[in-house]
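See structure below.
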Amino acid sequence: MDPKTIATCFAALRAAIPEPRTELHYASPFQLLVAVVLSAQSTDKAVNLCTARLFAAAPDAQGLWDLGEENIREHIRHLGLFNTKARNVHALAGIILHQYQGEVPRDRQALESLPGVGRKTANVVLNTVFAEPTIAVDTHIFRVANRTGIAPGKTPRAVEDRLMQVVPREFLLDAHHRLILHGRYTCTARKPRCNVCALHDCCIWPNKQLG
DNA sequence: ATCCCGAGGG
DNA sequence: CCCTCTGGAT
């Protein structure tokens with residue numbers, strides 16, 4: 001897709017999604033980090049239901065470390081992958097508490113060394129908390145980038161690298177959340193709402209559906 | 001490549 | 001029933 005068309009796409013996305021932001025509920029960088037770890041293969045809505053009680057019981061790294069893995073597991077039991085997540089969140093809280101003075105590090109390497117934190121989660125934290133121009137390629141962005149033709153790629157990393165090349169600078173900071181929200185509500189996995197899509201005229205997808 | 005793994009939607 | 005949901009570790 002040529003640069004002009006891509007710029008047209010993002011201008012259209014800006015009009016459709018004027019205030020891009022995460023739908024995860026959080027009151028601190030640490031809470032956002034935990035929420036994003038919990039969000040793997042789960043809906044934001046389900047995560048918010050869990051964290052409402054979890055953060056009330058343990059709002060910070062000290063609290064989650066003291067709460068313990070067993071209690072964390074009970075709070076997140078209705079999320080998928082809850083066992084792994086409980087173990088990771090507890091261990092992560094301990095590391096943040098003891099090695100980072102309870103603060104979330106603004107450093108990709110440090111973030112990715114945390115249990116349950118990979119490149120995607122690190123990119124979300126860097127973008128959402130520290131306002132760095134990163135793009136976390138999750139299931140939504142991977143689908144939207146490939147389907148629309150904005151940034152095709154066989155792996156999440158390939159799509160990320162391509163997005164970083166082709167997204168105009170003025171749209172880079174908010175591209176992550178705009179693409180996420182577009183994928184969640186319009187360019188959905190199963191039955192995309194092409195009839196109301198802001199990208200209808202610049203999207204290359206050959207199977208545009210009516211409703 | 002495989003495992004983890006609950007809940008909601010179509 | 002099958003698919004999807006802001007993946008990461010082995």
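Just so it is clear, the model here is predicted, and its values are computed rather than measured. In what follows, every heavy atom counts, from backbone to side chain, and hydrogens, waters and symmetry copies are set aside. Convention: sequence-line order gives letters A, B, ...; per-chain numbering from 1.
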Worksheet item: With a non-hydrogen cut-off below 4.0 angstrom, is A/Val124 in contact with a base, only sugar-phosphate, or nothing?
Response: base
Worksheet item: Got a second to check how far A/Arg193's CZ is from A/His182's NE2, nearest 0.5 Å?
Response: 10.5 Å
Worksheet entry | Within 6.0 Å of CD in A/Glu74, more than 12 heavy atoms from elsewhere | yes
Practice prompt. Would you indicate what A/Ala46 reaches in the nucleic acid, counting non-hydrogen atoms under 4.0 angstrom: base, sugar-phosphate, or nothing?
Written response: nothing
Fill in: Separation of atom CG in A/Leu181 from atom P in C/dC5, rounded to whole Å
14 Å
Discussion item. Here's a test of your reading of the structure: between A/Thr139 and A/Pro115, which maps to the more 5' nucleotide of DNA chain C?
Written reply: A/Thr139
Worksheet entry | Lys/Arg-Asp/Glu bridge criterion (N-O < 4.0 Å) met for A/Arg14, A/Glu170 | yes
Worksheet item: Expressed in angstrom and rounded to an integer, what is the separation of A/Asn48 atom CG from C/dC5 atom P?
Response: 17 Å
Fill in: chain A footprint on DNA chain B, 5' to 3' - any atom under 4.0 Å from a heavy atom
B/dC4 to B/dG10
Fill in: Contact residues, residues 80-91 of chain A to DNA chain B [heavy atom, < 4.0 Å]
A/Gly80, A/Leu81, A/Phe82, A/Asn83
Worksheet entry | Residue closer to the 5' end of DNA chain C, A/Leu114 versus A/Ala136 (nearest nucleotide) | A/Ala136
Worksheet, complete the sentence: Rounded to whole Å, the CG-P distance (A/Asp138 to C/dT4) equals 14 Å
Worksheet, complete the sentence: So the salt bridge (Lys or Arg N to Asp or Glu O under 4.0 Å) pairs with at least one residue in residues 112-137 of chain A (sequence neighbours excluded) are A/Arg106-A/Glu132, A/Arg108-A/Glu112, A/Arg119-A/Glu160
Discussion item. Ignoring hydrogens and geometry beyond distance, is a side-chain donor-acceptor pair present between A/Asp161 and A/Gln165 at under 3.5 Å?
Written reply: no
Discussion item. Using a 6.0 Å cut-off, check whether atom CZ of A/Arg53 has over 12 heavy atoms from anything other than its own residue.
Written reply: yes
Item to complete: Would you classify A/Arg184 as touching base, sugar-phosphate or nothing, given that sugar-phosphate means primed atoms plus P, OP1 and OP2, and contacts are heavy atoms under 4.0 Å?
Response: base
Discussion item. Applying a 4.0 Å non-hydrogen cut-off, can you work out what A/Thr22 is touching in the nucleic acid: base, sugar-phosphate, or nothing?
Written reply: base
Worksheet item: Which distance, rounded to the nearest 0.5 Å, do you find between the CG of A/Leu199 and the OG1 of A/Thr8?
Response: 10.5 Å
Fill in: Residues in contact with DNA chain C, drawn from residues 141-171 of chain A - heavy-atom cutoff 4.0 Å
A/Arg143
Fill in: Results of ring-ring contact (aromatic ring centres under 6.0 Å, His included) for A/His90 - residues two or more places apart only
A/Trp65
Item to complete: Would you jot down, in residue-number order, the residues of residues 125-135 of chain A having a non-hydrogen atom under 4.0 Å from DNA chain B?
Response: none
Worksheet entry | Nearest-0.5 Å distance that lies between atom CG in A/Leu172 and atom CD1 in A/Ile135 | 5.0 Å
Worksheet item: CG of A/Leu111 versus C1' of C/dG8: gap in Å, rounded?
Response: 15 Å
